[in-house]
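Each remark here refers to the structure printed beneath this line.
Given the structure is predicted, the values throughout are model-derived calculations rather than measurements.
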Amino acid sequence: MNIGAIFKNLKNKGIKGTYAIYKSRHKSEVVKNIEVIQKRLDLIEKELTFRQIETEIDYLLKIIDNVSCPEIYRSICNTIKEKERKVGYKTYLKRKYVKQVLPTVYNIYKALPIENKMIFMQPRKGLNPSCKYMYDYIASDGTYEPVLFELERDDVPVTLYYKNAVEWVKSLATAKACFVHESNDLMGYLDIREETKIVQLWHGCGVLKKIGLSTADMSNFKSSSAYEEFPEYNKYDIVTIASPELSWVFEEFMGINKDDNIIQATGVSRTDEFFDEQYITRCYDKIHEIIPESENKKIILYAPTYRGVGQERVAPDELNIEKFADALGDEYILIIKHHQTAKNLPEIPDKYKDKFAFDMTRGKGMNINELMTVSDICISDYSSLVFEFALFERPIMFFAYDLEDYIDDRGLYYDFDEITPGPICRTTEEMIDYIKNIDKAFDKQEVVDFKNKFMSSCDGRSTDRIFEFAKS
């Protein structure tokens with residue numbers, strides 16, 4: 001029963017009737033505070049100041065803490081999100097929390113002594129693969145307690161996201177180190193104490209498409225003034241990268257001065273597991289259990305990046321699965337892993353779904369590191385995962401059907417023709433032809449040279465080096 005249905009039933013059947021309907025569907029659940037919720041939502045519809053809207057939303061958030069029905073919880077959250085879309089309200093919240101609330105809370109709690117903990121700030125739900133290896137390493141070492149904070153961005157109302165950030169900042173104030181894996185503006189105005197190290201693990205080993213400050217003032221991207229008001233890269237003690245070759249790229253898009261020695265080629269923590277034979281064996285055991293067909297077939301991994309920006313990110317839909325299956329199905333299976341933030345994921349035709357083609361984008365039991373480990377061929381486009389995959393010295397293909405448009409819209413740091421260690425394909429047919437003739441067409445040395453240039457610091461001991469810095 002969604003929130004709209006509840007309100008309709010309230011109008012037509014009253015509280016008792018609504019409760020009877022709900023109880024019949026959810027035996028042990030109780031609808032709480034329905035009348036109060038309705039009144040509060042109605043009030044927000046009126047012309048209120050941002051502060052008044054925030055007060056009403058705060059009240060609603062307290063109510064949904066006691067709602068045990070997931071359907072009602074999600075419906076109320078979505079309704080609150082709609083109210084938050086009032087023009088200017090999110091900017092009001094950001095200025096209040098980033099510039100005032102978070103710095104004030106941090107300054108209060110940093111008067112306390114440093115604790116034996118290293119914390120991980122995840123903007124969304126879950127522990128990102130970019131942080132998991134470091135998290136497990138710290139847990140096994142035992143010197144510090146690893147603590148995870150999930151701010152649930154995009155999954156909860158913005159107001160609740162910032163309240164989650166307050167809890168994280170309280171812990172940050174007494175942490176020995178804080179690990180992050182992407183940019184965010186929450187630390188922009190914090191006066192980080194000297195005893196705490198802010199470690200940027202970053203979520204990509206290399207960078208092809210322009211990001212961050214490199215895209216400032218471009219169409220559909222943030223403005224320079226937005227980055228100036230809400231800095232995203234100004235609090236790091238170290239940014240860990242895969243090779244000295246990439247230093248200039250990170251310096252440019254983060255606006256970090258080379259002489260500050262913040263960007264360091266320590267290697268990337270999460271690549272260490274690629275050098276672990278036991279981990280590799282577990283990955284193969286896992287894929288064979290989840291997809292039994294993989295035991296007798298080679299694996300093609302299709303892992304493209306998204307198209308669009310911000311909330312408009314969508315998955316590409318140009319790969320012809322039917323042609324792939326007809327031409328390659330006897331020898332291969334296809335695993336698809338779209339970018340985690342992409343929306344509108346293309347449907348696999350029923351004829352091939354979970355037979356030849358398997359979409360493992362969300363909640364399917366294997367992360368991108370595990371899938372790269374077991375894949376014989378990787379097809380991507382402008383995604384940074386090709387850098388990690390090069391460590392295996394296996395074939396890489398680039399399905400860049402929209403190369404010119406992508407470069408015009410976004411820009412790349414390197415000449416795509418020169419940097420790519422594999423064929424650039426514009427059509428499904430070109431990829432099929434390459435795969436059918438891969439024994440002759442694949443130039444392994446091209447991939448090795450690419451690896452040596454862009455992944456030279458990834459040797460299986462990156463986490464050791466990063467941990468030593470974090471605890472120093």
Does atom NZ of Lys471 have more than 12 heavy-atom neighbours from other groups under 6.0 Å away?
yes

Would you check, one step at a time, whether the test ring-ring contact (aromatic ring centres under 6.0 Å, His included) holds for Phe416 with Phe398?
CA-CA 10 Å; Phe416 203 64; Phe398 296 83; 5.7 Å; yes

For Glu293, what residues pass the side-chain hydrogen bond (donor to acceptor under 3.5 Å, both in side chains) criterion, not counting sequence neighbours?
none

Counting the benzene-type ring for Trp, do Tyr137 and Tyr133 have ring centres under 6.0 Å apart?
no

Can you give each donor-acceptor pair under 3.5 Å made by side-chain atoms of residues 241-248, sequence neighbours left out, with the distance rounded to 0.1 Å?
unit_1	atom_1	unit_2	atom_2	d
Ser243	OG	Glu245	N	3.2
Ser243	OG	Lys453	O	2.7
Ser243	OG	Ser456	OG	3.3
Glu245	OE2	Tyr414	OH	2.8
Ser247	OG	Pro244	O	3.1
Trp248	NE1	Tyr414	OH	3.1

What residue pairs, at least two apart or across chains, pass salt bridge (Lys or Arg N to Asp or Glu O under 4.0 Å) with a residue in residues 251-271?
Arg270-Glu388

Those residues at least two apart in sequence (or on a different chain) that pass side chain to side chain contact (heavy atoms under 4.5 Å, CB included) with Asp459 are Arg461, Ser462, Arg465

Shortest non-hydrogen contact between Leu186 and Tyr161, atoms and distance
CD1-OH, 3.4 Å

With sequence neighbours excluded, what pairs up with Lys99 under the side-chain hydrogen bond (donor to acceptor under 3.5 Å, both in side chains) test?
Glu229

Check for me whether Lys209 meets the cation-pi criterion with Tyr413, that is, NZ or CZ under 6.0 Å from the six-membered ring centre and within 45 degrees of the ring axis.
no

Does NZ in Lys125 sit with more than 12 non-hydrogen atoms of other residues, nucleotides or ligands closer than 6.0 Å?
no

Any salt bridge (Lys or Arg N to Asp or Glu O under 4.0 Å) involving residues 319-329? Give me the pairs, sequence neighbours left out, ordered by first then second residue.
Lys323-Glu429

Give me the atom names and distance for the closest heavy-atom approach of Lys197 to Glu194.
NZ-O, 4.5 Å

Parallel under 30°, tilted from 30 to 60°, perpendicular over 60°: which one fits the rings of Tyr352 and Phe356?
perpendicular

side-chain hydrogen bond (donor to acceptor under 3.5 Å, both in side chains): which pairs involve residues 392-407, sequence neighbours left out?
Arg307-Asp402, Tyr382-Asp402, Glu393-Lys451, Glu404-Arg426

Check for a donor-acceptor pair, side chain of Lys343 on one end and backbone N or O of Val314 on the other, with a separation under 3.5 Å.
no

Does any donor atom in the side chain of Asp217 or Ser223 lie under 3.5 Å from an acceptor atom in the other side chain?
no

Can you tell me which residue pairs pass the ring-ring contact (aromatic ring centres under 6.0 Å, His included) test with a partner in residues 254-301, sequence neighbours excluded?
Phe274-Phe392

Taking side-chain hydrogen bond (donor to acceptor under 3.5 Å, both in side chains) as the test, write out the residues that go with Ser140, two or more places apart.
none

Just checking, is any N or O donor in the side chain of Thr215 or Lys222 under 3.5 Å from an acceptor N or O on the other one?
no

Those residues that, when tested against Gln278, pass side chain to side chain contact (heavy atoms under 4.5 Å, CB included) (two or more places apart):
Asp276, Arg282

For Glu232 and Asn184, which I'm curious about, is there any donor-acceptor pair between the side chains at under 3.5 Å?
no

If you take all heavy atoms of Tyr236 and Ser183, which pair is closest and at what distance?
OH-CA, 3.9 Å

Residues two or more places apart in sequence or in another chain: which of them pass side chain to side chain contact (heavy atoms under 4.5 Å, CB included) with Asn296?
none

Please verify the inter-ring angle class for Trp202 with Phe253; under 30° counts as parallel, over 60° as perpendicular, anything in between as tilted.
tilted

Sequence neighbours left out, cut at 3.5 Å: what donor-acceptor pairs do the side chains of residues 100-107 make with other protein atoms?
unit_1	atom_1	unit_2	atom_2	d
Thr104	OG1	Gln100	O	2.7
Tyr106	OH	Arg193	N	3.0
Asn107	ND2	Pro103	O	3.2

Between Leu328 and Asp330, does the side-chain contact (heavy atoms from CB on, under 4.5 Å) criterion hold? Intermediate values first, please.
CA-CA 6 Å; Leu328 304 169; Asp330 290 341; over 6 Å; no

Polar contact flag, side-chain donor to acceptor under 3.5 angstrom, Thr240-Gln200
no

Of the non-hydrogen atoms in Leu208 and Val386, which two are nearest, and what is the gap between them?
CD1-CG2, 4.3 Å

Would you find more than 12 non-hydrogen atoms of other residues, nucleotides or ligands less than 6.0 Å from Gln445 atom CD?
yes

